[in-house]
Amino acid sequence: MILIDPPLVPARGRLWSHLASDVSYEELHAFATAVGIPARGFDRDHYDVPAERYDDVVVAGATAVSSRELVARLRAAGLRRRKPQRP
């Protein structure tokens with residue numbers, strides 16, 4: 001299933017959502033391509049999606065979930081890729 005959390009993360013002068021799949025990265029990449037999200041938006045296990053695209057992505061089929069649920073579903077599916085810890 002394709003998941004998107006609310007646009008709550010501020011960066012570069014706008015708010016951002018995270019788009020992820022709890023099935024596979026292949027499903028995620030195919031969906032992102034279909035809705036016009038550029039490959040440069042991919043970050044380890046999700047795509048960053050600007051707030052102004054949120055509604056369009058939901059209409060296209062992404063399921064709106066909380067940020068906490070999105071991370072929990074990634075972990076349960078074994079698809080969570082955390083940032084490396086700094087020394």
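Nothing fancy with the numbering, it's 1 onward along the sequence. Please read these numbers as outputs of a predicted model, since none were measured by experiment.
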Measure across P7 and S17 and return the closest heavy-atom pair with its distance rounded to 0.1 Å.
N-OG, 3.1 Å
Give the C-alpha distance, both sets of side-chain angles, the deciding distance and a yes or no for side chain to side chain contact (heavy atoms under 4.5 Å, CB included) between H18 and V49.
CA-CA 6 Å; H18 302 106; V49 178; over 6 Å; no
In a check of ring-ring contact (aromatic ring centres under 6.0 Å, His included) between Y47 and each of F42, Y25, W16, which one passes?
F42
Value rounded to 0.5 Å, distance of CG in L28 from CG in L3
9.5 Å
Using the side chain to side chain donor-acceptor pair (under 3.5 Å) rule, collect all pairs that involve residues 60-72, keeping only residues at least two apart or in two chains.
D5-S67, E69-R73
Working to the nearest 0.5 angstrom, can you tell me the gap between D48 CG and R12 CZ?
6.5 Å
Kindly list each side-chain donor-acceptor pair under 3.5 angstrom involving residues 53-62, sequence neighbours excluded, with atom names and distances?
residue	atom	partner	partner atom	Å
R53	NH2	V35	O	2.6

Are more than 12 heavy atoms from other residues, nucleotides or ligands located less than 6.0 Å from atom CZ of R40?
no
Spatial distance of atom CG (D22) from atom CZ (R80) [nearest 0.5 Å]
14.0 Å
Hey, quick one: are M1 and F31 part of the same hydrophobic cluster, counting side-chain heavy atoms closer than 4.5 Å, chains of contacts allowed?
yes
Got D45 and L79 here, is their nearest side-chain heavy-atom distance under 4.5 Å?
no
